[in-house]
Amino acid sequence: MEAFTQAVIEIIKRIPEGRVCTYGRIGRLAGKANGGRQVAWILHSSSRRHNLPWHRVINAQGRISLPKLRGYEEQKARLQIEGIAFDAADRIDLGKYLWDGERAYQRSRDTNNEEPR
DNA sequence: AATGTGACGGACC
DNA sequence: TGGTCCGCCACAT
């Protein structure tokens, strides 16, 4: 397996319950500036086998990218169960739920505060 | 080698 | 808010 793919998997595993991350951000954290499409492809082709919280990955517009009747409903349900809210247009407030891997790391280094909500 | 295709993203209008 | 366009990237034909 490629290093990038491995990194992507590890990062997705670290997304906390009740939070989400975007394809593009995951790609950057894994070391590729424009790896969004590749991140999506990795999930599309083999994610379920890695036991990943795949439902916590959404697009930069704060929306679920999965087509309706092809996973959309399931992903939305899983997120709602974790307490994530959708607005009238089925969008998620990234300012509130986005998990920033880097900031989370820094904060846990100096203080022992919990993740913001 | 050339072209098509996505669970993408950002810029623009 | 929404729609289009174009750049990106790896994989499939």
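So you know, we letter chains A, B, ... as the sequences are listed, proteins then strands, and number each from 1.
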Checking A:R28 now: which residues fulfil side-chain hydrogen bond (donor to acceptor under 3.5 Å, both in side chains) with it, not counting sequence neighbours? none

Could you tell me the boundaries of the chain A footprint on DNA chain C, defined by atoms under 4.0 Å from its heavy atoms? C:dT1 to C:dC11

When rounded to whole Å, the CH2 to C1' distance for the pair A:W54 and B:dC8 reads 18 Å

side-chain contact (heavy atoms from CB on, under 4.5 Å) with A:A89: which residues, sequence neighbours excluded? A:D87, A:R91

Does A:R37 have any salt bridge (Lys or Arg N to Asp or Glu O under 4.0 Å) partners at least two apart in sequence or in another chain, and if so, which? none

Output the residues of residues 22-31 of chain A in contact with DNA chain B, where contact means a heavy atom of the residue under 4.0 Å from an atom of the strand; sort by number or write none. A:T22, A:Y23, A:G24

Residue pairs passing the salt bridge (charged side-chain N to carboxylate O under 4.0 Å, His left out) test where at least one lies in residues 51-66 of chain A, sequence neighbours excluded: A:R56-A:E82

What is the separation between atom CD1 on A:I42 and atom C1' on B:dC8, rounded to the nearest whole Å? 13 Å

Any residue meeting salt bridge (Lys or Arg N to Asp or Glu O under 4.0 Å) with A:D93, in chain and number order, not counting sequence neighbours: none

Output all residues satisfying side-chain contact (heavy atoms from CB on, under 4.5 Å) with A:L94, sequence neighbours left out; order by chain, then residue number. A:V20, A:T22, A:I58, A:L98

Expressed in angstrom and rounded to an integer, what is the separation of A:L69 atom CG from B:dA7 atom C1'? 15 Å

Test of understanding: with side-chain contact (heavy atoms from CB on, under 4.5 Å), list the residues that count as partners of A:Q38, not counting sequence neighbours. A:F4, A:W41, A:I42

Once salt bridge (Lys or Arg N to Asp or Glu O under 4.0 Å) is applied, do any residues pair with A:E73, and if so which ones, sequence neighbours excluded? none

Please list, in numerical order, the residues of residues 32-40 of chain A that have a heavy atom closer than 4.0 Å to any atom of DNA chain C. A:K32, A:N34, A:R37, A:Q38

Decide yes or no for A:I92 and A:F86: does some side-chain heavy atom of the first lie under 4.5 Å from some side-chain heavy atom of the second? yes

Got a list of side-chain donor-acceptor pairs under 3.5 Å for residues 65-72 of chain A, not counting sequence neighbours?
| unit_1 | atom_1 | unit_2 | atom_2 | d |
| --- | --- | --- | --- | --- |
| A:S65 | OG | A:N59 | ND2 | 2.9 |
| A:Y72 | OH | A:D90 | OD2 | 2.5 |

Using whole Å, report how far CD1 of A:I92 lies from P of B:dA7. 18 Å

